[in-house]
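To start, the structure under review is shown below, and the notes come after it.
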Amino acid sequence: MTTDAPGPLSRAENKLERALETAQEQVRRLICDHPAQIPIFTAAGRWHFDEDAWAPPWTGGFLAGMVWIFAERTNDPWWTLQAQKYSELLEPRKLDEGTHDIGFLFTPSWGRWHRLHPSDHTRDVIIQAGRTMARRFNGAGKYLPTWVDPGSTFIDVMMNVDIVFQAAELSGDAALADIARQHAMTTRRFLVRGDGSTAHEGWFDPDSGEFLRTATHQGFRSDSCWARGQAWAIYGFGSVYARTRDERFLDTARRCADFYIEQTGRRRIPANDWNDPAPEFPYEASAASIAAAAMLQLSSLAGPQGSRYREYAAGILERLCTPEFLGSWEQGYEGILKHAIYHRNNNLGVDESVMWGDHYFVEAVHRMTQGLGKAAGG
Ligand code: GLY
């Protein structure tokens, strides 16, 4: 005789469920105490609401994205209402030509909304956001430039090509998919090194398209490997493989993941940059939460070899679910994931919680507790 009753949870599953409950409570308090405000990082554990002192606003999608995950998990209309409200706050940005971070804004928010409750409106917003991102394309160098300069691209931009693929699929405009694919090929060629490590930034001559050099803003130096950039690469190339099924992107995602694993080992949480010989802070926990979400995605794409990435991601989450890394309001801490770093060199959000660290932690734990079926976006 069979029964539909769920079996008892293992200790690890229990720990993940408790971590999600804590995360949900932290976000509920943030929404209730600071309605419609979108923080970037904490200062001494308290959310900080000043404008981003480095980049054009790029983090709004992470709060909306967490709220959509809680809406999906709970089926509670309050969470769905909040998820819609926080996504709607971002809608005008679908026309923002001043940033390359359109995917960070729209994939976790409107992308999840469309997956859960598709409508003509969600479809149109995603198509417009993807078209705006694609308009940045530099045809000579075949890359999507950053807000820094028409000659610059970042490894982070790999997280912003999926919105272009989504727009291509929803509109049937194959030219959009081609732009997204070309950017990924250029990044693979110039920003991913032979050992699977990544450079943060690539510089091109924007007129001729000639590749000039690598550089960094948030890492140790131009020839080093910034840990969060590496995690963006694992996630970004995995997402491009999920859209294109071009094995070269799966190979790149795997080589980037293997480099992360090789460099970090049983410690699981890297410092800000693997090449910094004396990091001032031992951890950049947001790199680890992104890597966990990225490796769970990769494990669902990589066939029999995927179990290596699932096991490593489970180890990352086990460590992040300890009191050393998990914040709670009762202890006067407002973020979810402690010990992340936004911008060490500019002294922004150092050894604090950052919105994307919290978001990808919630996404990874959610993926882990739900099984691994979905490829991109959690
Ligand atoms: N701008 C993306 C990052 O700081 O990771």
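The structure presented is a predicted model; accordingly, all values stated were derived computationally and were not measured. Just the heavy atoms: all of them, side chains too, but no hydrogens, waters or symmetry mates, feed the values below. Atoms within each ligand, like the ligands themselves, are counted from 1 in listed order.
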Residue-ligand contact Phe154/ligand 1, heavy atom below 4.0 Å:
no
Going by heavy atoms, is Trp147 under 4.0 Å from ligand 1?
no
Once you measure the plane-to-plane angle for [X] and [Y], does it fall in the parallel (<30°), tilted (30-60°) or perpendicular (>60°) bin?
| X | Y | value |
| --- | --- | --- |
| His117 | Trp68 | tilted |
| Trp58 | Phe62 | perpendicular |
| His34 | Phe49 | tilted |

Taking both backbone and side-chain atoms of [X], is any N or O found less than 3.5 Å from an N or O belonging to ligand 1?
| X | answer |
| --- | --- |
| Tyr342 | no |
| Arg228 | yes |
| Trp232 | yes |
| Trp356 | no |

Can you see whether Thr264 engages Trp274 through a side-chain donor-acceptor pair at a distance of less than 3.5 angstrom?
yes
Begin from the C-alpha positions of Phe190 and Phe204 and carry the test ring pair (Phe, Tyr, Trp, His ring centres under 6.0 Å) through to its verdict.
CA-CA 10 Å; Phe190 295 115; Phe204 297 78; 5.7 Å; yes
Between His343 and ligand 1, find which residue part has any heavy-atom pair under 4.0 Å and reply side chain, backbone, both or neither.
neither
Under the salt bridge (Lys or Arg N to Asp or Glu O under 4.0 Å) rule, what do Arg344 and Glu284 come out as? Steps first, then yes or no, please.
CA-CA 10 Å; Arg344 177 66 202 107; Glu284 203 297 70; over 6 Å; no
Atom 1 (N) of ligand 1: nearest protein contact (heavy atom, Å)
Asp156 OD2, 3.3 Å
